[in-house]
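Comments concern the structure below.
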Amino acid sequence: MLDKTFSPKDVEGRIYALWQDSGAFRAGRRSDAEPFAIMIPPPNITGRLHIGHALNNTLQDMLARFERMRGKDVLWQPGTDHAGIATQLIVERQLAERQMSRIGLGREKFLAEIWKWKAESGGAITEQLRRLGASADWSRERFTMDEGLSRAVVKVFVELYRQGLIYKDKRLVNWDPRLQTAVSDLEVENIEIKGHLWHIRYPIDDMPGTFITVATTRPETMLGDSAVAVHPGDARYKKLVGRMAVLPLTGRLIPIIADEYSDPEKGTGAVKITPAHDFNDFEVGKRHGLAMINILNKDGTLNNDVPAPYRGLSREAARKKIVADLDAAGLLDHVESIVHSVPHDEKTRTVVLEPLLTEQWYLNVEPLAAKAIAAVEKGETKFVPDNWTNVFFGWLRNIRPWCISRQLWWGHQIPVWYDADGKIYCAESEDEARAQAGGKDLTRDPDVLDTWFSSALWPFSTLGWPDKTPELARFYPTSVLVTGFDIIFFWVARMMMMGTHFMGDVPFRTVLIHNRVLDEQGAKMSKTKGNVVDPLVLIDEFGADALRFTLALAAGQNRDMRIGPTRVEAGRNFGTKLWNAARFCEMNGCVTVPGFDPASVKQTVNQWIVAETARAAADVTAALEALRSNEAAAAAYHFVWDVFCDWYLEFAKPLFNGTDEAVKAETRATAAWTRDQIVKLLHPFMPFITEELWALTTPAKRETLLIEAEWPKLASLPKSETAVAEMHWVIDLIKGVRSVRSEMNVPAGAKTTLVLTSALAETQARLSRNRGVIETLARLNEAKTGSTIPAGSAQFVIGEAVAALPLGDVIDFAKERARLEKELKKAEDEIARFDAKLSNEQFVSRAPEEVLTEQRERRAEAASLAARLREAVQRLA
RNA sequence: GGGCGCGUAGCUCAGCGGCAGAGCACUACCUUGACAUGGUAGGGGUCACAGGUUCGAUCCCUGUCGCGCCCACCA
């Protein structure tokens with residue numbers, strides 16, 4: 001006997017172990033079946049499962065389990081990402097606690113420390129994915145710095161280098177002064193802050209008392225100015241072009257140049273040019289051959305190329321001092337308060353990034369982007385929902401070189417060596433490089449690659465590339481990529497580029513973009529706000545199934561979804577409902593009957609539930625195929641709760657308590673069959689509870705659902721239209737009687753007699769066929785047909801029949817009359833509406849026939865209702 | 001500046017040409033032999049606003065307002 005409620009925490013661990021031992025998660029179990037592959041977006045090894053991961057992996061697991069049950073050979077490839085910056089920072093912080101430092105240890109020992117940390121703590125996130133129920137093939141788990149994946153990274157780098165797509169260049173890059181590394185354009189977070197626009201007067205050389213005024217938000221950069229630019233057509237400055245300005249505080253002479261870049265409308269129309277510290281100025285500087293004066297050290301302090309008083313100052317301190325000094329010199333024209341956006345690091349959003357002139361490795365992604373664009377244009381990869389396609393195109397069509405080098409230690413070290421003259425040798429190994437160099441002593445480039453470089457290879461590097469493995473042949477291109485829109489540029493686009501370039505085919509056929517998860521108040525979750533909804537806490541409280549079902553139901557087209565305890569509670573309640581329905585079946589001896597043929601049932605109610613089950617299965621299947629998890633979950637929910645529990649099991653009660661053994665047996669078998677279909681349909685969403693029910697409901701013959709159960713394919717079952725119509729009639733009748741009873745304030749315990757007056761033989765037959773359930777569910781002591789209404793009764797239309805309920809003294813006449821009048825008014829309004837519609841010539845001539853018929857029928861119903869209400873009102877009066 | 005998304009019940013959201021829906025919250029009643037993590041009945045809506053297309057618009061088109069996001073620029 002099943003317990004009264006399902007207790008997730010007592011069974012989830014056991015069931016997960018059972019699954020893993022069964023080997024059912026493994027890819028390649030069905031070598032003759034159609035392959036289906038999903039690559040997990042590898043979570044950072046530093047990560048803890050957050051609600052976004054929970055959603056992402058719930059959707060992947062849902063698809064993996066669905067396709068597995070459909071008989072496909074499923075590969076769900078798990079793994080983790082080495083997360084260069086995040087991991088290095090964590091270990092550095094831990095070292096600091098032990099009074100040690102990265103620099104002190106040196107590269108080799110520091111990396112050993114990270115590997116040690118990874119061995120101890122790096123597996124946390126995958127353990128947490130298991131708690132969610134993730135059915136990934138853990139035997140194939142990969143890490144972006146595994147030997148094999150690293151080999152892929154080196155191979156890709158070397159090939160791209162030889163193709164001339166990777167090159168070294170000295171130009172401005174976004175520099176993080178705290179981490180002291182370059183970052184890519186994508187890693188820059190522009191944040192709007194309140195700032196100032198300082199207007200500074202630069203004296204003109206040889207023209208005492210004449211100034212040219214420039215405006216800047218970063219006054220400290222003036223120390224690196226090489227020119228002042230004005231627009232060639234700007235009459236105000238025409239006579240100054242070609243003269244020199246005296247750069248305040250330095251005394252340096254800089255030219256006043258004419259360049260289209262200067263916008264006469266903006267600021268003063270004259271703009272200071274700092275080629276080493278501004279992306280636009282860099283271009284201007286190149287055009288005019290200006291000096292590139294770098295004034296910053298790698299840590300953001302001012303270097304020795306500035307006047308002595310400012311050397312070594314932080315950017316903030318330098319700014320203050322420079323403004324004060326300019327003011328003292330009378331060169332500060334005025335200060336304006338403005339709001340402008342300032343580049344910050346994306347991780348902490350606290351460090352202001354600086355454009356800095358450094359030498360970095362770049363990947364010319366343009367030719368790769370062209371291939372990725374072409375593949376999507378040809379429909380080789382589709383985005384769901386497809387509006388993301390344009391976002392993807394938009395970025396790739398305006399793509400700029402990707403800065404791929406990072407001044408970190410943790411990551412894939414760049415496979416480039418230099419000889420004493422600085423000549424570059426790019427090779428797959430040091431030996432190969434040395435051979436190229438003719439045996440010279442070489443030093444390796446100290447930098448590592450952007451973490452996303454290795455992630456971009458994930459769909460094929462995890463399958464063994466560059467080796468031609470059987471897995472690669474079988475599972476590439478993968479079937480679906482499930483991810484959030486925030487990494488379309490970082491990851492999806494780059495996988496598309498690398499995949500099309502190196503594999504000659506797209507990495508995935510479909511990209512399912514899901515929403516971002518917010519807290520219950522709609523705020524972005526962040527640790528500082530303390531509003532992080534921890535999925536593990538939710539799992540502890542409500543169970544993994546509850547969380548998964550809630551997430552599946554909430555996932556949709558909307559940009560954001562809000563998740564919190566109250567929604568997960570509803571998911572848990574659904575699990576309890578399912579559990580108790582199964583328990584009810586068990587109590588009534590519903591046991592799975594081997595060889596049961598659902599098409600053979602004779603009872604109307606059983607024919608009906610078989611047809612409804614088939615429809616639910618079709619709905620869930622169609623929704624899952626279309627990757628619409630919310631529709632799939634909703635269809636299953638509705639069927640289980642509103643159809644199976646609320647009506648079918650209630651109809652079954654009088655049958656189970658009846659005396660007709662044949663009917664009882666058929667109903668038991670049908671109920672057990674339906675329960676089994678439900679358990680299978682819900683398994684992709686709620687794997688634990690369904691597995692438990694699969695085992696417990698008929699312990700004798702079951703293995704695990706995971707291995708045994710096939711996805712319900714019920715399309716060939718009879719539609720049983722007559723049975724369905726009859727049950728709908730019964731349901732409407734019962735609802736009507738309940739409503740009337742409630743309105744009439746019939747005391748809860750009291751039973752009443754229902755007299756159905758109908759001239760239709762069919763109605764009378766239906767009533768007599770279903771008398772048992774109608775009497776039970778409508779709490780009647782008698783239901784009978786007749787054409788006369790007993791004295792002292794009121795009559796109510798229920799469907800096409802009329803219920804005449806004995807009134808006795810339980811009715812509040814005045815209230816009843818008011819209610820009836822209200823109803824009558826409603827019905828009359830409705831008639832008027834339909835009449836207006838039906839007398840509209842255009843409507844009648846153009847609307848499809850079935851719409852017309854439907855509208856006429858509804859009009860007739862309303863009219864009949866109105867007539868009866870009118871009569872009832874008169875009777876009460 | 002360019003682009004995208006969203007305004008539907010008190011709240012969170014589905015629906016997207018032909019009865020306006022769910023969950024939570026609310027009201028009343030019900031501890032009935034599966035389930036109070038439940039049941040029954042109910043209240044609550046100018047589907048943001050204005051035009052247009054259509055026989056018919058919450059749904060399609062145009063515009064307006066409001067909210068959010070992305071990209072670019074920022075002297």
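Just so it is clear, the values below take in all heavy atoms, side chains as well, and ignore hydrogens, waters and symmetry mates. Owing to the predicted nature of the structure, the values given are computational and were not obtained by experimental measurement. Protein chains get the first letters and strands the later ones, always in sequence-line order, with residue 1 at the start of each.
Listed by chain and number, the residues in a salt bridge (charged side-chain N to carboxylate O under 4.0 Å, His left out) with A:R738 amount to none (sequence neighbours excluded). A:F279 pairs by the side chain to side chain contact (heavy atoms under 4.5 Å, CB included) definition with A:L172, A:N174, A:P355, not counting sequence neighbours. Residues meeting the salt bridge (charged side-chain N to carboxylate O under 4.0 Å, His left out) test with A:E346, sequence neighbours left out: none. Listed by chain and residue number, A:F549, A:A633, A:A634 satisfy the side chain to side chain contact (heavy atoms under 4.5 Å, CB included) test with A:L553 (two or more places apart in sequence, or in another chain).
RNA chain B is contacted by both A:F843 and A:R583; A:R583 maps to the nucleotide lying nearer its 5′ end (nearest heavy atom per residue). Nearer the 5' end of RNA chain B, as judged by each residue's closest nucleotide, is the contact made by A:M587, out of A:M587 and A:I338.
Across all strands, A:D263 comes closer than 4.0 Å to base atoms (heavy-atom distances). When heavy atoms are screened at a 4.0 angstrom cut-off, A:C645 is found touching base atoms of the nucleic acid. As judged by a 4.0 angstrom heavy-atom cut-off over every strand, A:W198 is placed among residues making no nucleic acid contact. At a threshold of 4.0 angstrom between heavy atoms, the contacts of A:Y261 include nucleobase atoms, whether or not backbone atoms are also involved.
Salt-bridge formation is detected for the pair A:E569/A:R572: a Lys NZ or Arg NE/NH1/NH2 atom is positioned less than 4.0 Å from an Asp or Glu carboxylate oxygen. Ionic pairing of A:R218 and A:E354 is present here: one or more N-O contacts between side-chain nitrogen and carboxylate oxygen are shorter than 4.0 angstrom. With respect to A:K9 and A:D540, no salt bridge is recorded, no charged nitrogen being found less than 4.0 Å from a carboxylate O.
Paired regions of RNA chain B, where each region holds three or more successive Watson-Crick or G-U pairs whose two hydrogen-bonding distances fall under 3.5 Å, are B:1-7 with B:65-71, B:10-13 with B:21-24, B:26-30 with B:38-42, B:48-52 with B:60-64.
For a distance-only test at 3.5 Å, the side chain of A:S341 qualifies as a donor-acceptor partner of the base of B:C73. Applying the 3.5 Å distance criterion, the base of B:U40 shares no donor-acceptor pair with the side chain of A:R738.
Two rings, from A:W579 and A:F6, have their centers less than 6.0 Å apart.
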Identify each atom pair where a protein N or O and an N or O of nucleotides 19-28 of chain B are less than 3.5 Å apart, giving names and distance.
{"from": "B:C19", "atom 1": "OP1", "to": "A:R858", "atom 2": "NH1", "distance (Å)": "2.8"}

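Defined by atom type and a distance below 3.5 Å, a donor-acceptor pair is missing between the side-chain atoms of A:H231 and A:D263.
Contact annotation: A:K735 does not reach the phosphate of B:U40 (side-chain N/O to OP1 or OP2, under 4.0 Å). Checking the phosphate oxygens (OP1, OP2) of B:G39, a side-chain nitrogen or oxygen of A:W641 falls inside 4.0 Å.
B:U46 and B:C11 are spaced 12 Å apart, taking the P atom of each and rounding to whole Å.
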